[in-house]
Amino acid sequence: DEDEDEDGDEDGDDGHLFPVMVFFHGGDLTSGYSYVPGNIPSHLPGIVSVLANYRLNAFGYLALEELGGRDPRGVSGNYGLLDQLEALRWVQRNIRGFGGDPKRVTVWGQSSGGTSILAMLCSPAAKGLFAGALAMSPSPVLNATLRRASEFHHRPSDGFLARTPCWPHASAGVNGSGGGGNTTTALVRCLLSLSAGEIAAAVPEDWVFRQFFSLPTNRSKPVAAPLLIADGVTVPYTLDECLAREAVHRVPVVLGVLREEADLTPGDLVNGMGQPGAFSAWLSKRLAPWGGHLGPRALGLPGYARLPPQQAYARMAADIRLLCTNMALAGRLSQLLPSVYLYSVAKGPSSRFCGALAAMNGFAYCPKYAFHLWDLFAFSRDYFAAMFWGKWLSKEDIALGKRLGQDFREFVGTGRVRGWAPFSLNVSNTGCEGKADSDRRQRKLHPDQGSAGCHHREDPKCFQPEPSSSFTARPEDSGEKLLPEKGACTAHVDEDLPFQAVNLIGVSSEEESLSSHLPGPSEIAPMVIVSNYRVEECGFWDFLGMQNQAAIN
């Protein structure tokens with residue numbers, strides 16, 4: 001039974017209440033659950049933790065225009081998101097009874113749970129339900145509409161409807177767009193008669209996408225099924241349009257990625273390509289749809305040079321799918337929100353992470369680098385290590401998780417992380433077709449509180465980067481020779497604009513040369529990489545037309 005506190009006064013002063021974290025799990029929006037002990041941050045004192053499950057797969061995300069008439073919203077889809085929002089309403093009504101402060105609720109999620117949080121940021125139905133957002137490995141390409149999703153599920157060969165007994169009614173429609181009245185009525189009646197087993201059996205294999213951890217090979221094929229969508233009501237706009245309309249909720253945000261996300265289940269094993277030139281030649285062949293002989297150029301970029309083939313592969317795929325897109329998202333959010341942080345975990349586990357994870361791919365690969373899920377595993381400590389690894393975390397792994405926990409706790413309590421540099425835009429493009437960028441825009445710094453803007457680094461209303469965040473560009477970092485020669489844009493660091501910062505957590509040995517210009521590097525201290533380094537890699541992939549190759553995971 002719910003013990004609602006309507007007037008907000010029964011449980012005493014807000015000063016005696018604790019901040020709240022509400023967790024939403026990942027799993028492609030097709031599988032998973034939140035209630036496992038490792039997802040309860042019990043090692044963080046003074047935090048009230050809530051774990052919420054939600055409908056998944058076709059039960060949570062099947063979107064068909066024909067079903068809109070059965071929904072009070074007049075649209076269909078995003079049922080799992082509706083469950084998440086209802087969980088947040090429950091928290092607002094009841095969390096005082098558990099010692100939690102309804103005014104200090106942070107939503108956090110990993111993978112598709114993090115992507116769901118991006119949708120919440122643009123959902124009018126989420127207004128007032130949370131005060132902060134922490135998204136771990138989210139995919140910021142939320143561009144599918146109800147029409148697009150409905151057409152996807154009407155595919156005659158491998159769409160959802162084609163795998164059900166209702167296909168004769170669906171195929172009688174007009175281009176999968178709903179058809180006439182009799183056809184629509186018959187289709188809806190048939191769909192409602194299906195058993196849960198029939199619905200589950202009709203889900204195509206491509207709903208659980210594996211391309212996410214591979215290098216893109218096709219310019220036009222969707223990377224993932226359109227499950228979480230802009231339905232026009234619960235999520236009125238695509239993420240791009242939401243940001244353009246400035247329709248995002250004004251709360252502090254943390255975005256997190258890992259340096260080698262794709263190492264969880266890499267699409268290709270290239271670790272045996274140790275001979276000189278072998279990986280470069282393979283890479284050029286793999287990237288052939290975007291132009292010839294790209295292997296040497298890609299491997300010449302500072303973020304990939306001198307890395308073992310498998311690590312370079314995982315980092316490239318992670319950059320294309322997650323890091324570069326999250327950098328772009330952080331840049332746009334930083335113009336609208338009170339504070340935005342982007343962190344990247346650079347240090348992987350102390351030894352290969354085998355056990356249950358090796359069974360997730362067809363070749364029993366054991367992740368070695370900073371793979372997708374690793375920050376959640378380290379943060380959650382021993383439970384996940386025992387469950388997925390079969391052994392306990394090392395002291396170094398625990399130190400990494402403790403570092404994340406301390407920073408997360410500070411963010412949940414205050415909306416800020418003092419040891420991190422807030423993200424903001426500081427780069428302009430020069431050298432585009434040999435001309436200066438004529439569309440260069442000055443960006444605002446981050447207001448400390450409220451909505452008052454600030455326009456200069458010395459403005460006291462603005463967040464100031466820590467002194468250790470300062471950066472002096474090194475000549476070898478310019479990278480002008482490494483970008484495509486024709487039509488290339490090289491990044492320029494403008495000292496008059498604020499820092500563009502990725503807070504690099506756990507600097508590995510491979511990163512030491514790249515971060516040596518930063519004062520006082522330590523193994524588990526948050527490091528700030530500012531400059532052409534990440535800009536250059538992302539500029540390279542964007543130049544090749546891969547900026548839309550991320551996916552909702």
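Quick note: residue numbers are just sequence positions, from 1. Every heavy atom of this structure was used, including side-chain atoms; hydrogens, water molecules and symmetry mates were not. The structure presented is a predicted model; accordingly, all values stated were derived computationally and were not measured.
Ring-plane geometry between F408 and Y343 is classed as tilted, the angle between the planes lying from 30 to 60 degrees on a 0 to 90 degree scale. Taking the six-membered ring where tryptophan is involved, the planes of H25 and Y54 are essentially parallel, since the angle between them stays under 30° and well short of 60°.
Side-chain atoms of Y341 and S339, non-hydrogen and from C-beta on, do get closer than 4.5 Å to each other. Side-chain contact check for L322 versus V257: some heavy-atom pair is nearer than 4.5 Å. In this structure, the side chains of S344 and L258 stay at 4.5 Å or more apart for every pair of heavy atoms. Contact annotation: the side chain of S31 never approaches that of N57 to less than 4.5 Å [non-hydrogen atoms, C-beta and beyond]. Side-chain contact between T234 and D231: present, with at least one pair of heavy atoms (C-beta onward) separated by less than 4.5 Å. No side-chain heavy atom of F24 sits less than 4.5 Å from a side-chain heavy atom of L51. Between P349 and Y369, the closest side-chain pair of non-hydrogen atoms is not below 4.5 Å. Residues L373 and E261 are not in side-chain contact: their nearest non-hydrogen atoms beyond the backbone lie 4.5 Å or more apart.
Minimum interatomic distance between Y313 and L215 (heavy atoms only, all atoms of both residues): OH-N, 3.6 Å. Pairing each heavy atom of A133 with each of T106, the nearest pair is N-CG2, 4.1 Å. Listed here is the closest heavy atom pair of A52 and A87: CB-CB, 3.8 Å. Looking at every heavy atom in both residues, A131 comes nearest to P252 through O-CD, 3.2 Å. Residues H153 and A63 share a closest heavy-atom pair of CD2-O, 3.2 Å. Considering all non-hydrogen atoms of both residues, L239 and C122 come closest at CD1-SG, 3.7 Å.
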Start with the C-alpha distance between V248 and L337, add both sets of side-chain angles, then the distance that settles side chain to side chain contact (heavy atoms under 4.5 Å, CB included), and finish with yes or no. CA-CA 8 Å; V248 63; L337 304 185; 3.9 Å; yes
Worked check of side chain to side chain contact (heavy atoms under 4.5 Å, CB included) between R321 and S137: CA-CA 10 Å; R321 308 295 196 190; S137 301; over 6 Å; no
Ring pair (Phe, Tyr, Trp, His ring centres under 6.0 Å) evaluation trace for Y61 with Y79: CA-CA 6 Å; Y61 295 95; Y79 307 114; 8.2 Å; no
Show the numbers, then the answer: is there a side chain to side chain contact (heavy atoms under 4.5 Å, CB included) between S112 and D28? CA-CA 6 Å; S112 55; D28 299 334; 5.6 Å; no
Let's go through L400 and V345 carefully: what are the C-alpha distance in whole Å and the side-chain angles of both, what is the deciding distance for side chain to side chain contact (heavy atoms under 4.5 Å, CB included) to 0.1 Å, and is it a yes or a no? CA-CA 9 Å; L400 173 62; V345 173; 4.0 Å; yes
Walk me through whether K347 and D397 qualify under salt bridge (charged side-chain N to carboxylate O under 4.0 Å, His left out). CA-CA 9 Å; K347 182 177 175 56; D397 299 331; 5.9 Å; no
For a ring pair (Phe, Tyr, Trp, His ring centres under 6.0 Å) check, start with the C-alpha distance between F130 and W108, then their side-chain angles and the critical distance, and finish with the verdict. CA-CA 10 Å; F130 57 90; W108 72 292; over 10 Å; no
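Between R315 and D319 there is no salt bridge, since none of the side-chain N atoms of the basic residue sits less than 4.0 Å from a carboxylate O of the acidic one. Salt bridge present: D240 and R332 bring a charged side-chain N and a carboxylate O closer than 4.0 Å. Ion pairing of R418 with E410 is present here, as a side-chain N (NZ or NE/NH1/NH2) and a carboxylate O approach within less than 4.0 Å.
A distance of 6.0 Å or more separates the ring centres of W207 and F152. Ring pair H372/F213: centre-to-centre distance below 6.0 Å.
A side-chain N or O of D263 and one of Y365 form a donor-acceptor pair less than 3.5 Å apart.
Summarising the geometry, atom CD belonging to Q310 is positioned 8.0 Å from atom CZ belonging to F279; distances are rounded to the nearest 0.5 Å. Interatomic distance, CG of L118 versus CG of L333, reported as 8.0 Å (0.5 Å rounding). Atom CG of L287 is separated from atom NE2 of H293 by 12.5 Å, given to the nearest 0.5 angstrom. Between the OG atom in S123 and the CG atom in L121 there is a gap of 10.0 Å [rounded to 0.5 Å]. Rounding to the nearest 0.5 Å places CG of L227 at 12.5 Å from CG of L81. In this structure, the separation between CZ on F379 and CG on D375 is 10.0 Å, given to the nearest 0.5 Å.
T115 places a side-chain N or O within donor-acceptor distance of the main-chain N or O of S139, the cut-off being under 3.5 Å. Panel note: side chain R250, backbone P338; no donor-acceptor pair is recorded below 3.5 Å. The backbone N or O of F411 sits nowhere less than 3.5 Å from a side-chain atom of T414 that would complete a donor-acceptor pair.
Contacts of S284 classified as side chain to side chain donor-acceptor pair (under 3.5 Å), with partners at least two apart in sequence or in another chain: none.
For the side chain to side chain contact (heavy atoms under 4.5 Å, CB included) with I117, the qualifying choice from L255, V22, V107 is V107, the only one to do so.
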